[in-house]
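Here the structure is laid out as C-alpha cells; the discussion comes afterwards.
Each residue takes its place number in the sequence, starting with 1. All figures in this text were calculated on a predicted structure; none of them were measured in a lab.
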Amino acid sequence: MENRKERILVVDDEASIRRILETRLSMIGYEVVTAADGEEALTVFKREHPHLVVLDVMMPKLDGYGVCQELRKESDVPIIMLTALGDVADRITGLELGADDYVVKPFSPKELEARIRSVLRRVEKNGSSSAIPSSGVITINNIKIDTNKRQVYKNNERIRLTGMEFSLLELLVGRSGEPFSRTDILQEVWGYTPERHVDTRVVDVHISRLRAKLEDDPSNPDLILTARGTGYLFQRITDVNKSSD
C-alpha cells in the first residue's frame, strides 16, 4: 500500500458512490472526507482543506458547477468532476469553470484513482526541463514565470493559475517553439491517452483559460500559439528572455 498523506473530498449525492470511493481511496492510503450536496461540500472544504476534490455535477441544493465556481474564488485545489451528462457541452462547462479534469459516469473506480494520482503528481511536481534555466525564472515581455515557486506574474501582478494550468504552461514553455498535439499534451500533463476524440477538449479548454489569463488579446495570442493541424506551442524563447535573477 502506498503511503500517502493527501486528503480527498468526495462530493456526491449517491451514498453508494460515496461509500465505494471512500473505501477504495482509503485502501490506497488517502484520507477521505465526504459531502452529500453542494452546500455541505463548501462547509467541509473550509473545515478540512482537502488536497483534491472529486465533485459530482448533478446534486441538490447547489450543483457541481456552483461548487466549482465558489471554490475557484478562493482556491486552486485540483477538481475532478463526475458527470453522467451525455452532452459534451455540459462536460466542457465544468472545465471552463475551473475543473482540472472530468470522468463520465458510470466510471471505473480504477480509472478515477489513476486520474487522481496523475493530477496530484502533476500539481506537486517541480519543473525539471533542461530548457528552463537553473534559476527557474523565465521572462517573456510582461510575463514572468517562476517554475520553482510555480507562480506566474503579469505586469508584476501575480496571476492565479490552477496546478494543472501551471503544469501545462510549464510543459509548453520548457520546450518552447516545439508543437505538441492534443494527445501528447494529455499524456504529458494529465497522464492518460484519450479514449475518445472529445477527451482532447480538456486540453483546448485549458489552453483557452491560460490565454485568457496571460495574453493581452486572447483572441489573437502572442504567447500560446496554435500549431495548425497539430495542436499548440509556446512562442520560441531566446536565451535573452531567460532570467538568472
Side-chain angles (χ1 to χ4, degrees), residues 6 45 49-53 55 65 67-81 92-102 115-116 118-129 131-133 135-176 180 182 184-191 200-219 221-226 231-235 237 241-243 245:
E6 293 97 336
F45 182 87
H49 305 289
H51 299 91
L52 180 142
V53 179
L55 179 61
Y65 297 146
V67 174
C68 187
Q69 280 183 302
E70 289 301 311
L71 293 181
R72 281 292 172 256
K73 291 177 181 178
E74 60 183 68
S75 174
D76 303 327
V77 66
I79 298 172
I80 298 177
M81 300 201 81
I92 299 305
T93 296
L95 297 171
E96 291 175 337
L97 293 174
D100 296 281
D101 204 354
Y102 68 81
R115 299 285 183 93
I116 289 171
S118 178
V119 169
L120 287 175
R121 182 171 64 248
R122 289 302 308 186
V123 300
E124 294 168 0
K125 177 181 176 295
N126 286 326
S128 57
S129 170
I132 295 175
S135 67
V137 177
I138 295 176
T139 303
I140 310 101
N141 301 328
N142 60 343
I143 301 293
K144 176 183 174 183
I145 304 168
D146 188 329
T147 60
N148 293 326
K149 296 180 179 178
R150 293 178 67 83
Q151 294 178 356
V152 177
Y153 296 83
K154 181 177 182 180
N155 297 322
N156 296 318
E157 180 180 342
R158 185 176 174 186
I159 303 299
R160 171 172 277 179
L161 300 185
T162 67
M164 296 302 279
E165 285 172 347
F166 189 90
S167 293
L168 172 56
L169 178 63
E170 185 178 34
L171 172 70
L172 298 177
V173 168
R175 290 155 68 177
S176 69
F180 287 87
R182 293 166 175 83
D184 288 342
I185 292 172
L186 264 181
Q187 291 173 328
E188 291 277 351
V189 178
W190 278 266
T200 59
R201 288 295 303 276
V202 173
V203 175
D204 294 333
V205 175
H206 275 73
I207 289 289
S208 178
R209 279 163 42 184
L210 275 178
R211 284 172 169 168
K213 293 179 179 183
L214 301 180
E215 300 279 3
D216 291 332
D217 181 3
S219 63
D222 293 320
L223 301 174
I224 303 171
L225 309 177
T226 298
Y232 300 101
L233 75 157
F234 200 92
Q235 69 156 262
I237 302 171
N241 291 124
K242 298 178 182 180
S243 172
D245 295 338

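- Closest heavy-atom contact between V119 and P78: CG1-CB, 3.4 Å.
- D101 has its side chain out of reach of M164: every pair of non-hydrogen atoms, C-beta onward, lies at least 4.5 Å apart.
- The line from OG of S208 to CD1 of I224 is 10.0 Å long, rounded to the nearest 0.5 Å.
- Using a 4.5 Å heavy-atom cutoff, the side chains of F234 and L169 are in contact.
- Put simply, the side chain of W190 does not reach to within 4.5 Å of the side chain of R115, judged on heavy atoms.
- Counting all heavy atoms, side chain and backbone alike, A212 lies closest to P218 at CA-CG, 3.9 Å.
- Checked by atom type and distance alone, the side chain of E165 never pairs as donor or acceptor with a backbone atom of H206 at under 3.5 Å.
- Remark: S75 pairs with F45, V77 by the side chain to side chain contact (heavy atoms under 4.5 Å, CB included) rule, at least two apart or across chains.
- Residues passing the side chain to side chain donor-acceptor pair (under 3.5 Å) test with T226, sequence neighbours excluded: R211.
- Judged as a side chain to side chain donor-acceptor pair (under 3.5 Å), and not counting sequence neighbours, Q69 has no contacts.
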Review point. Side chain to side chain contact (heavy atoms under 4.5 Å, CB included) between D222 and I140: does it pass, once the steps are laid out?
Key: CA-CA 10 Å; D222 293 320; I140 310 101; over 6 Å; no
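- Taken from CG in L55 to OH in Y65, the straight-line distance is 10.0 Å, to the nearest 0.5 Å.
- When side chains are defined from C-beta on, R209 does not count as touching E96, because their heavy atoms never get closer than 4.5 Å.
- Nearest heavy-atom pair, K213 versus L161, reported as atom, atom and distance to 0.1 Å: CD-CD2, 3.5 Å.
- Under the rule for a salt bridge (charged side-chain N to carboxylate O under 4.0 Å, His left out), the partners of E188 that lie at least two apart in sequence or sit in another chain are R175.
- Note that the OH atom of Y102 and the CZ atom of R201 stand 8.5 Å from one another [nearest 0.5 Å].
- Residues F166 and D146 share a closest heavy-atom pair of CZ-O, 3.6 Å.
- Remark: E157 CD is loosely packed, at most 12 non-hydrogen atoms of other residues, nucleotides or ligands lying under 6.0 Å away.
- Under the 3.5 Å distance criterion, the side-chain polar atoms of E6 are left unmatched by any main-chain donor or acceptor of L52.
- In this structure, the side chains of I138 and T147 stay at 4.5 Å or more apart for every pair of heavy atoms.
- Within the 3.5 Å criterion, the main-chain N or O of L225 finds no donor-acceptor partner in the side chain of Q235.
- In terms of the side chain to side chain donor-acceptor pair (under 3.5 Å) criterion, residue partners of D204 (sequence neighbours excluded) are, by chain and number, R182, Y232.
- Remark: I79 CD1 to C68 SG distance equals 4.0 Å, nearest 0.5 Å.
- Without hydrogens or angle criteria, R72 side chain to T162 main chain gives no donor-acceptor distance under 3.5 Å.
- With sequence neighbours excluded, the residues that form a side chain to side chain contact (heavy atoms under 4.5 Å, CB included) with K154 are N142, I143, I159, D216.
- With sequence neighbours excluded, the residues forming a side chain to side chain donor-acceptor pair (under 3.5 Å) with D76 are R160, listed by chain and number.
- Note that the CG atom of L233 and the CG atom of L223 stand 11.0 Å from one another [nearest 0.5 Å].
- With hydrogens and angles ignored, the 3.5 Å screen pairs no side-chain donor or acceptor of R158 with any backbone N or O of Q151.
- Of the inter-residue distances, the one linking I116 atom CD1 with D100 atom CG reads 12.0 Å to the nearest 0.5 angstrom.
- Remark: N156 CG is loosely packed, at most 12 non-hydrogen atoms of other residues, nucleotides or ligands lying under 6.0 Å away.
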